[in-house]
There are 2 protein chains.
Amino acid sequence: MSRMKSIDPSIKPGEATPPRAAERILGVARDLFYRRGIRAIGVDEIVRRAGVTKPSLYRSFPSKDELAASYLRQYDLEFWERFDEAVDAHPGDPRAQIKAFLIRVGKRTQKTDYRGCGMTNAAVEYPERGHPARVVSEANKQELRRRLRAMATAMGAGDADTLGDGLLLLIEGAYISGQLFGAGGPAQSVARNADLLIEASLKK
Amino acid sequence: MSRMKSIDPSIKPGEATPPRAAERILGVARDLFYRRGIRAIGVDEIVRRAGVTKPSLYRSFPSKDELAASYLRQYDLEFWERFDEAVDAHPGDPRAQIKAFLIRVGKRTQKTDYRGCGMTNAAVEYPERGHPARVVSEANKQELRRRLRAMATAMGAGDADTLGDGLLLLIEGAYISGQLFGAGGPAQSVARNADLLIEASLKK
DNA sequence: TGACAATGTTACCGATCGGTACGTATACCT
DNA sequence: AGGTATACGTACCGATCGGTAACATTGTCA
């Protein structure tokens with residue numbers, strides 16, 4: 001007899017192929033951490049809303065800090081997915097890539113309950129150097145800076161590093177302003193301002 | 001007899017004219033809240049480092065949240081002092097005012113242990129609408145936006161609101177990047193990028 | 001000198017924090 | 001069927017959270 005090694009359609013929902021506790025925990029943590037902040041959420045609330053118990057959490061994650069770091073590593077993956085979507089949509093045209101990315105960022109910032117960038121927020125919540133969450137956040141931002149500078153170079157900007165950094169400032173400003181001002185805030189103009197800055201930097 | 005109503009030089013230090021507990025508490029809270037974050041600091045540590053006890057804190061401040069709000073109100077005052085210093089240094093020249101302000105911001109962001117803007121950080125730490133700390137922070141940012149847009153108008157920018165918002169994005173980006181990257185980070189270029197953006201917005 | 005108000009101190013509260021020891025059930029492979 | 005490893009739940013830990021009741025001390029007036 002050939003045993004089914006993947007999914008058995010006869011199983012009742014939520015019984016077999018049980019959504020691994022670790023995945024449910026990470027999913028709930030991801031949502032709560034992003035929306036309400038990492039420090040604001042206790043592990044009890046996470047396990048309660050995940051429908052599991054605390055030892056289940058601590059068998060999959062060494063500590064709350066590491067759970068937060070896992071959340072950010074997942075966030076990092078999804079971030080670069082979004083970023084590369086914009087890049088891939090305009091091959092060889094970094095200016096259009098930036099514009100496409102920022103148009104989407106600007107739109108997201110106008111949604112209610114927008115809470116900014118999970119990476120940026122985590123770095124604000126954990127200023128101590130070496131904190132697991134901050135380490136992930138810093139690495140993400142370093143890489144973002146590197147890529148923005150590279151794109152500015154590819155655009156042929158006179159001072160590419162300055163332009164790359166300027167774009168980073170606008171992006172971070174959009175993340176923060178988005179959650180500070182809500183809809184109608186300054187973040188909606190991030191794409192236009194970035195394009196103006198690029199324009200000015202190329203003519204130099 | 002004329003009684004001395006202010007300071008009596010015969011008093012021993014730290015005995016009479018005792019530095020009002022409320023002031024010492026606020027001073028310590030201000031330092032700790034800014035450097036390590038509001039949520040990260042407990043009231044016990046504040047009173048311990050202020051050399052007082054907890055009831056002293058709660059007689060002067062209704063709650064920790066209100067103490068945080070008081071810290072931010074003081075921060076607000078000092079912020080506008082710095083802002084107006086740059087403004088007053090260049091009467092009638094908003095572009096030079098912005099530049100002067102941002103040069104100073106850029107320098108501050110390069111200092112070790114720079115922790116960004118207390119207002120911005122507080123808003124990240126407390127996303128819940130109506131939180132006392134967040135209320136102060138939002139009011140400060142609204143006013144900053146208003147003034148930046150007014151200055152952009154005074155510069156004669158074609159789309160003054162967009163320029164004002166662009167400057168706000170750069171500023172917020174500098175606050176965040178300053179604490180994310182430390183010295184050598186993108187925030188050091190905030191003044192130059194702002195000036196480039198202004199240049200581009202005026203020629204439009 | 002004595003009353004009053006303000007300020008400081010000791011000791012404590014229930015709730016929640018992150019984290020764990022230990023017993024129980026379940027799935028899988030032989 | 002039986003053995004075994006894995007996953008899960010009950011109950012609990014000390015520490016710390018924000019906040020308070022009741023008492024002692026002080027300075028300032030009449």
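Below, chain A is the first sequence line, B the second, and so on; all start at residue 1. Being a predicted model, the structure only gives us computed values, none of them experimental.
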Intra- and inter-strand pairs of DNA chain D in dot-bracket (Watson-Crick or G-U wobble, both distances under 3.5 Å; | for another strand): ||||||||||||||||||||||||||||||
Phosphate contact (dG19(D) OP1 or OP2) by K54(B) side-chain N/O below 4.0 Å: no
Any T53(A) side-chain N or O less than 4.0 Å from OP1/OP2 of dT10(D): no
Candidates dC17(D), dG8(C), dT10(D) - which lies nearest the side chain of P55(A): dT10(D)
Any donor-acceptor pair under 3.5 Å from D165(A) side chain to R145(A) backbone: no
Backbone N/O of I176(B) and side chain of E172(A): donor-acceptor pair under 3.5 Å: no
Pair T120(A), K141(A): side-chain N/O donor-acceptor within cut-off below 3.5 Å: yes
Sugar-phosphate, base or nothing in reach of I46(B), heavy atoms under 4.0 Å: nothing
Touch class at under 4.0 angstrom, heavy-atom based, for S56(A) against every strand present: sugar-phosphate
Given DNA chain D, 5'-ward residue of the pair S63(B) and R59(B), judged by closest heavy atom: S63(B)
Proximity to the side chain of Y58(A) - top-ranked nucleotide from dG19(C), dG9(D), dT20(D): dG19(C)
Nearest to side-chain heavy atoms of K64(B), which nucleotide of dG18(D), dG8(C), dG18(C): dG18(D)
Spatial distance of atom OH (Y71(B)) from atom CG (D76(B)) [nearest 0.5 Å]: 11.5 Å
